[in-house]
Amino acid sequence: MLASNGESVISLRNLSVSYGNTKVLDEVNFEVQAGQIIGYIGPNGAGKSTTIKAILGLISGYSGTITILGHDVASGNVAYKAQVGYVPESAELYEALTAEEYLNFVGILYGLSEDRAAHKAQALIQLFGLDEAYRSRLSSYSKGMKQKVLLISSLLHNPDILFLDEPLSGLDANSVMVVKDLMAELAKAGKTIFYSSHIMDVVEKISNRIILLNHGTVVADGDFASLQDRAHEESLEEIFGHMTGFLEHQNIAHHALEIIQDH
Amino acid sequence: MREFYSLRILDRFQGALEAASYDYGLLRKILQVQLTMDSRRVPAILSRTRKGRNNASLGVDHNAFIRSLWFYALLGAIVIPVVMMTRHILFFMSSGMAILMFLVMLSMISDFSSVLLDIRDRTLLATKPVPTKTIAMARTLHIGIYLSLMTAALSAPALVTAIIGHGITFFLVLAAMLVLMDLLIMALTALFYFLILRYFDGERLKDFINYVQIGLSMMMTIGYQLVGHSFQLFKTHIVFHPAWWQLVIPPLWFGAVFEVLFSHPRGSEVFVLAALALVVPAVVYGLYLRSMPAFERRLEKLAATSKQTGHLSQAWQSLYSTLFCRNPVERQAFVFGAAMMTRERDFKLKVYPMLTMAILFPLIMMVNASPHHLMQGLSSSHWYLSIYFLGLVIPSAVVMMQSSQYYKAAWIYQTTPLPSSALLHKGVLKACLGRLILPVYLVETVIFIAIFGPGIWMNLIVAYAATWLLAVIAVLAAPQNLPFSVPYQMAQQRQTYLFFLFGALSLGFAAIQYAASLVPFGLYGYFVVLVIVTAWSWRKVFGIPASVQ
């Protein structure tokens with residue numbers, strides 16, 4: 001069910017979202033082709049999570065068109081969600097359940113058979129080193145363990161598109177490496193990964209395209225090299241600062257020190 | 001931040017606390033912050049009324065606890081007749097103290113356990129250079145303030161009765177006894193938790209507290225039903241026989257003090273008991289103060305928990321769910337719903353008391369209806385129809401299973417391609433009928449067959465079939481939300497109306513069943529009709545619309 005070369009798997013046209021009088025997204029446009037890893041970055045409150053939520057149909061009041069794998073999101077047909085995986089920013093889970101129960105339930109919601117869901121969940125849990133806690137309630141899990149459960153739940157149904165909102169938060173260094181390699185493998189297998197994070201080093205290394213959002217509009221879109229050219233900066237961190245008009249971090253730090261040391 | 005009256009009273013003890021090397025300024029500040037946070041908390045005893053919840057959700061800065069004090073005062077009125085008695089002072093004052101002690105103890109466990117076991121402030125306080133001793137004292141005083149307020153409210157009727165009926169000395173002695181009682185309760189509860197935490201994990205302790213809370217809600221509702229019967233006690237003649245086991249009954253110690261001071265005590269036993277009333281609280285409280293810092297450290301265990309579900313319960317679960325559901329989506333929804341309903345403490349707190357009452361209420365009513373020739377006339381009566389009390393639980397369960405402490409996790413419904421939520425609703429509703437209602441129904445069945453004989457079996461089966469129809473009506477009448485997807489505060493908007501609707505419906509079903517049983521084979525005919533109507537309505541309500549298939 002993969003889109004052929006050149007055809008967009010994700011397409012946003014004039015996407016705008018308002019909460020009350022505040023415009024969170026203002027005329028966002030971009031097309032995403034299969035097999036890309038897209039780093040979706042921007043300052044706090046720029047509208048990153050809102051974009052992802054709109055694409056997944058979690059927000060109904062938007063204007064513009066969102067097309068996923070050729071389906072209009074607003075049409076009300078939810079079948080496209082079987083090809084989409086999602087890791088939300090905050091790890092909200094039904095914590096009264098065990099990981100096993102939660103993953104089996106999610107598998108069924110994605111339309112997998114019970115056996116298949118159970119089998120895949122158990123195998124992935126083992127790979128992520130959670131087998132001992134598999135039958136414990138999620139309420140006893142640490143932040144990183146919950147994050148792993150979320151990642152597994154977004155992959156159970158072999159999705160073609162992945163939306164990951166801060167997927168590495170809380171993970172230990174080893175798991176971070178596993179997840180980064182896994183993303184590269186998934187992209188090689190033709191899957192599209194839409195990835196949002198605040199850790200610029202990671203985004204710089206794994207993305208083959210970066211979209212920078214500021215105040216609800218796209219301010220930069222391209223591969224890392226083209227962004228370097230445009231901003232005349234070396235690292236993504238500096239490019240980020242340059243593009244969002246934030247150049248006084250050293251000044252602020254200096255003032256902060258003065259206040260801390262004030263007697 | 002508000003200036004609290006209780007803190008101004010505390011200020012008078014500043015010298016004493018500083019002499020005991022506590023940092024008073026720090027102590028006061030910690031208490032002030034905690035009291036401010038509490039003004040946004042709802043006590044368990046009131047959480048089932050709408051007023052308490054609204055304040056909590058609006059974040060109104062009035063301590064809901066203070067506002068609920070009148071409720072405790074009302075509850076305390078139960079001891080007025082006991083305190084009024086002038087004869088048999090040992091017996092009646094012991095009984096009075098026993099009732100008060102029982103009520104204070106239950107509230108202590110259900111409402112103040114959260115204060116005693118609060119570890120959220122640990123990351124804030126324990127990481128700063130604040131001495132453990134001061135933190136422990138702040139905790140003690142924090143509970144102490146509430147406990148004395150509650151005891152004052154609860155014993156206000158008793159105290160007023162004492163001053164009118166027995167004079168000022170009696171009143172002062174009663175007040176002193178209540179203080180000793182509070183010290184004893186507080187120390188015992190803390191030491192008991194300390195003991196549990198030593199051998200079990202925090203999850204177990206929370207479960208224990210949850211069951212006490214369930215017991216409390218239940219006790220409130222049925223307590224007054226039994227008051228009528230307790231008055232029969234007054235007719236009997238009471239003689240005090242000393243025995244060794246009386247030494248371990250605290251209310252008796254307090255009662256003995258009154259006997260010594262205001263009556264004509266016979267025998268040295270009463271003096272021993274009265275002495276215990278003074279010595280034991282002092283000793284236990286001293287022990288508590290000494291072990292408080294160790295208790296603080298032990299609280300760490302509350303954060304780390306693990307509970308494994310065994311393979312056996314897993315196998316049993318899948319077998320049981322297969323019994324009710326054939327469709328895999330529905331079956332997983334059943335497993336999901338059953339797990340949530342049997343594990344989430346808030347759900348249990350709200351629904352389990354009603355389930356227990358569905359068993360107890362019919363029995364209480366039967367006893368009230370025939371107090372003298374108990375059980376004799378019953379077997380030929382139609383009281384077994386009171387099994388329809390179960391019908392009252394259904395709307396509450398149906399509304400409550402839309403809410404969860406983890407309601408934010410409901411995003412999962414929207415990111416998955418489930419075309420219709422009908423199977424989800426159906427599975428969770430079946431879990432409610434299979435895992436909550438059926439066990440209660442079976443217990444009731446055993447009791448009723450013991451009372452009325454096996455001849456009523458058809459009646460019981462028809463009544464169970466009716467719960468399935470009532471359940472589907474509840475789904476139609478209740479607000480439409482996905483399972484476990486709204487916060488608890490939102491859940492109970494239409495509860496009262498539903499409660500009365502289902503009271504009338506249950507009564508109606510019981511009446512129809514009674515009418516059917518008058519006709520020969522009428523019950524069988526009615527059963528067939530009921531099953532057909534139920535099956536049809538389930539299909540109608542949970543049918544997947546053709547457009548999304």
Side-chain angles (χ1 to χ4, degrees), chain A residues 52-53 55-60 76-118 132-142 146 150 153-154 156-157 159 163, chain B residues 201-203 206 303-311 313-314 317-318 321-322 325 327-348 404-421 423-424 427-428 482-485 547-548:
Chain A
I52 295 183
K53 281 180 186 166
I55 294 173
L56 280 153
L58 297 176
I59 298 170
S60 47
N77 187 347
V78 291
Y80 77 92
K81 291 181 183 176
Q83 268 83 48
V84 177
Y86 173 50
V87 172
E89 189 181 12
S90 52
E92 306 284 3
L93 300 159
Y94 282 114
E95 295 186 14
L97 302 179
T98 66
E100 183 180 30
E101 288 163 343
Y102 183 78
L103 290 174
N104 287 351
F105 183 57
V106 173
I108 279 287
L109 289 178
Y110 275 122
L112 268 65
S113 76
E114 283 170 294
D115 292 342
R116 209 171 151 68
E132 276 186 20
Y134 192 37
R135 293 204 159 88
S136 295
R137 294 192 197 167
L138 294 170
S139 55
S140 67
Y141 277 38
S142 69
K146 282 181 200 163
L150 274 179
S153 78
S154 73
L156 277 180
H157 55 300
F163 291 98
Chain B
D201 63 358
E203 209 64 19
K206 284 181 205 157
T305 52
S306 63
K307 209 176 199 175
Q308 296 269 340
T309 338
H311 279 279
S313 92
Q314 207 74 24
Q317 227 177 43
S318 73
S321 59
T322 315
C325 317
N327 182 298
V329 177
E330 197 183 315
R331 186 161 55 232
Q332 278 302 321
F334 183 99
V335 173
F336 168 61
M340 295 294 286
M341 282 184 241
T342 50
R343 287 183 206 154
E344 233 191 76
R345 292 196 184 91
D346 282 326
F347 183 88
K348 289 204 267 185
S404 166
Q405 180 189 350
Y406 308 109
Y407 68 95
K408 282 184 182 159
W411 59 267
I412 194 72
Y413 297 130
Q414 284 168 294
T415 58
T416 47
L418 207 64
S420 152
S421 57
L423 286 170
L424 215 58
V428 176
L482 285 164
F484 310 108
S485 66
S547 56
V548 292

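If you're wondering where the values come from, they're calculated on a predicted model, not measured in any experiment. Numbered from 1 within each chain, the chains take letters A, B, ... in sequence-line order.
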Keeping the roles fixed (side chain from A/Y94, backbone from B/F484), state whether a donor-acceptor pair exists under 3.5 Å. yes

Has B/S421 got a side-chain atom pairing as donor or acceptor with B/L424's backbone, closer than 3.5 angstrom? no

Per-residue contact mode, B/S404 against chain A (heavy atom under 4.5 angstrom): side chain

Check the pair A/K146, A/E95 against side-chain contact (heavy atoms from CB on, under 4.5 Å), reporting the backbone distance first and the verdict last. CA-CA 9 Å; A/K146 282 181 200 163; A/E95 295 186 14; 3.1 Å; yes

Between A/Y102 and B/I412, does a side-chain contact (heavy atoms from CB on, under 4.5 Å) hold up when you go through it step by step? CA-CA 11 Å; A/Y102 183 78; B/I412 194 72; 3.9 Å; yes

Measure A/A79 against the heavy atoms of chain B and call it side chain, backbone, both or neither at under 4.5 Å. backbone

Under 3.5 Å, side chain of A/Y86 to main-chain N/O of A/K81, donor-acceptor pair present? no

Note: vs chain B, highest number of non-hydrogen pairs under 4.5 angstrom among A/V106, A/L58, A/L56 is A/L58

Part of A/L150 lying under 4.5 Å from any heavy atom of chain B: side chain

Contact leader toward chain B among A/N77, A/V84, A/L97, where contacts are heavy-atom pairs under 4.5 Å: A/L97

